[in-house]
Amino acid sequence: MNDIYLDNNATTMVSPEVLEEMLPFFCEQFGNPSSLHNFGNKVGFALKKARQQVQTLLGAEHDSEIVFTSCGTESDSTAILSALRAQPERKEIITTVVEHPAVLTLCEYLETEGYTVHKLEVDSKGRLDLDKYASLLSDNVAVVSVMWANNESGTIFPVEKMADMAHEAGIMFHTDAVQAVGKLPINLQESNIHMLSVSGHKLHAPKGIGVLYLKRGTRFRPLLRGGHQERGRRAGTENAAAIVGLGKACELAMQHMAFENTTVKAMRDRLEAGILAAVPYSFATGDVDNRLPNTASIAFEYIEGEAILLLMNKVGIAASSGSACTSGSLEPSHVMRAMGIPYTAAHGTVRFSFSRYNTMEEVERVIAEVPEIVAKLRKLSPYWEGDGPAENPEQAFAPVYA
Amino acid sequence: MWDYSEKVKEHFYNPKNAGAAENANATGEVGSLSCGDALRLTLKVDPDTEIILDAGFQTFGCGSAIASSSALTEIIKGMTLDQALEVSNQDIADFLDGLPPEKMHCSVMGREALQAAVADYRGEVWSDDHEEGALICKCFAIDEVMIEDTIRANSLTTVEEVTNYTKAGGGCSACHEGIENVLTRVMAESGQAFVAGGVGSAIAAKSKATPVAATPAAAAPVEAAPKTDIKRISTIMRVLEAVRPRLQADGGDCELMDIDGNTIYVNLTGACMGCQMASMTLGGIQQQLIEELGEFVRLVQVEKKADKLVGIGG
């Protein structure tokens with residue numbers, strides 16, 4: 001039996017159609033798109049086509065609003081640092097406590113450089129308080145950076161509305177949309193979003209390619225200077241094959257948008273319902289009525305996530321966890337903690353994330369395997385006695401703090 | 001995914017002594033729920049001989065925490081309490097054929113559970129003297145709290161000193177930014193300002209000759225290091241001679257190649273070469289040299305290739 005891949009929010013398989021489109025650009029069409037001769041010229045046309053394919057998926061008004069970068073992280077850094085450099089008199093940033101490290105770690109570093117970072121908190125379902133957000137908008141704020149959808153819980157933020165509010169207040173708005181692009185319909189020409197980050201490998205393009213959408217007229221300062229590539233906004237020879245691949249991936253994502261929100265969503269819903277019915281003391285995290293169609297985040301109480309992943313991996317199921325041990329950090333997922341999920345559950349969260357390449361047959365196999373794995377680990381847990389948690393589990397086991 | 005040994009996997013997939021020991025008369029509970037590892041160790045101790053007749057564990061934790069718990073119970077069964085207290089966290093890690101640096105704290109937790117259980121049996125109060133912080137140096141598994149404490153206790157002011165005292169930063173050097181941040185914070189407590197050392201301490205130490213320089217291997221150490229005196233060289237050679245039998249027992253060896261100021265070039269050969277533990281071995285020898293010489297030295301691995309010294313990292 002084949003292994004089951006349910007970790008598509010981490011990265012996705014490159015679509016065979018995408019790979020096929022890319023192959024000529026290694027040994028045949030290898031020219032530098034900046035060159036005048038035929039070798040380069042053809043590549044230049046291929047990049048133009050890819051740019052338009054990305055433009056279509058994002059609903060951007062102009063293809064020149066698409067800037068190719070090396071990854072989502074580069075797009076995030078470029079956007080935030082550009083906003084600060086273009087408006088040196090503004091020293092504040094608004095973001096959220098549940099952003100991806102690509103934004104959070106940068107913001108923490110900027111704090112040491114003297115910037116003030118406002119991190120919006122979330123409620124138990126991972127939702128933002130827009131009144132609080134409105135109260136922070138001021139002439140001191142250089143940029144708002146809020147993710148479109150959360151990578152761990154799948155919770156969707158009202159970024160279009162938040163962009164309207166920022167625009168109204170004369171503040172630049174950036175969104176890290178790496179999880180949303182390809183899964184949710186996006187129409188940027190109708191929005192007030194000024195900057196948006198895309199990562200190719202989240203939507204079946206290869207790793208090492210990203211996009212920064214930059215609305216025409218938004219003041220901009222490049223991260224990399226040096227060449228005229230990307231109209232001088234991102235110097236460096238284009239990763240031509242990957243750009244071509246991303247273009248094709250965007251075209252395919254556009255074609256599968258409805259499929260993603262019906263068939264893929266149905267697989268996710270079946271998996272979640274099946275597991276929650278079969279495993280006691282487990283619950284779904286995040287805003288379950290308003291989330292990505294492909295993501296289920298389930299907390300298994302009284303056990304630890306890495307142990308769950310290792311046992312699932314043994315039977316050929318790939319997923320991921322917000323436990324501290326998975327990442328080598330000392331705290332469980334900042335997203336789970338921000339939602340106030342207790343440690344005994346936060347360490348046991350497992351994220352299942354689908355793609356259009358999964359099948360319902362795989363879903364049934366996972367539903368059949370997971371309850372036994374959870375039961376095996378609970379037998380080892382000091383919080384568990386027989387068929388249920390120990391009475392007052394937090395008191396029954398209170399280890400000396402180490 | 002972690003690079004777990006087969007032994008770790010074996011003890012995780014099929015843990016030994018899971019569950020509470022029957023008729024246990026000693027219990028130790030340690031761990032930190034915030035960092036996701038907690039362990040209850042139960043022992044059945046013979047009151048006359050103090051021999052551990054049975055041991056059982058219940059663990060909330062990751063694969064290596066469960067494997068470390070299983071290993072601990074296997075190691076201590078049949079030992080007396082005094083013998084068991086001699087078991088170090090390194091013994092637990094060795095029993096499992098090693099743990100990734102990020103996971104060494106799992107073995108520390110096992111040793112602490114044992115101390116707590118023995119204290120419980122003897123009617124003593126066990127207090128934990130060990131606080132764990134974020135891992136800074138991955139080469140030598142040194143955490144933030146240890147670095148902070150060492151800086152405070154010894155009034156350290158440079159990354160080089162921190163390396164000298166804790167080993168942190170003595171390997172790949174990727175954590176030097178992290179160490180500088182800790183220095184900045186701790187020194188600010190006493191009103192001092194951390195002053196960074198230009199390009200970097202390690203670079204300055206190497207400036208006279210880099211390991212890639214084509215120094216003939218045949219050249220005698222004395223000629224290549226005009227500043228070193230006989231006594232210093234003999235100390236270095238004595239330390240290296242002392243560690244060689246241990247390396248040779250594992251099919252490896254360590255040969256002195258050159259000395260240049262405070263940089264000592266050695267050739268780790270045989271089973272040591274390319275071994276995951278090579279950097280740990282180098283670090284260990286370097287630490288001994290630092291202690292014996294009473295000065296900071298860097299130990300750099302070079303490979304003998306034709307008549308050149310080829311650096312493979314330091």
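So that the names make sense, note that chain A is the first sequence line, chain B the second, and so on, each numbered from 1. When reading the values below, keep in mind they use all heavy atoms of this one structure, side chains included, and skip hydrogens, waters and symmetry mates.
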Part of A:Tyr383 lying under 4.5 Å from any heavy atom of chain B: side chain
A quick test of your reading: do over 12 heavy atoms of other residues, nucleotides or ligands sit less than 6.0 Å from OH of B:Tyr121? yes
NZ/A:Lys314: more than 12 non-hydrogen atoms of other groups inside 6.0 Å: yes
How far does OG1 of B:Thr59 sit from CD of A:Glu304, to the nearest 0.5 angstrom? 11.0 Å
If you draw a 6.0 Å radius around CD in A:Glu372, do more than 12 non-hydrogen atoms from other residues or ligands fall strictly inside? no
Heavy-atom neighbours of A:Glu111 CD exceed 12 at 6.0 Å: yes
What are the two closest non-hydrogen atoms of B:Gly63 and A:Leu310, and how far apart are they? CA-CD1, 3.7 Å
Which atoms of A:Lys376 come close to chain B, meaning under 4.5 Å heavy atom to heavy atom: side chain ones, backbone ones, both, or neither? side chain
Smallest separation among heavy atoms of A:Tyr343 and B:Phe60, with atom names: O-CZ, 4.3 Å
So which part of A:Ile303 gets closer than 4.5 Å to some heavy atom of chain B, the side chain, the backbone, both or neither? backbone
Identify the two heavy atoms, one from A:Ala307 and one from B:Gly61, that lie closest to each other, and give their separation to 0.1 Å. CB-O, 3.6 Å
Examine whether an atom of A:Thr112 lies under 4.5 Å from a heavy atom of chain B, and if so say whether it belongs to the side chain, the backbone or both; otherwise answer neither. neither
Is the number of heavy atoms from other residues, nucleotides or ligands under 6.0 Å of A:Tyr357 OH greater than 12? yes
So with a 6.0 Å cut-off around CD of B:Gln192, is the heavy-atom count from everything else above 12? yes
Which region of B:Pro15, side chain (C-beta onward) or backbone (N, CA, C, O), has a non-hydrogen atom less than 4.5 Å from a non-hydrogen atom of chain A, or is it both or neither? side chain
Can you confirm whether more than 12 heavy atoms, excluding those of B:Asp82, are under 6.0 Å from its CG atom? yes
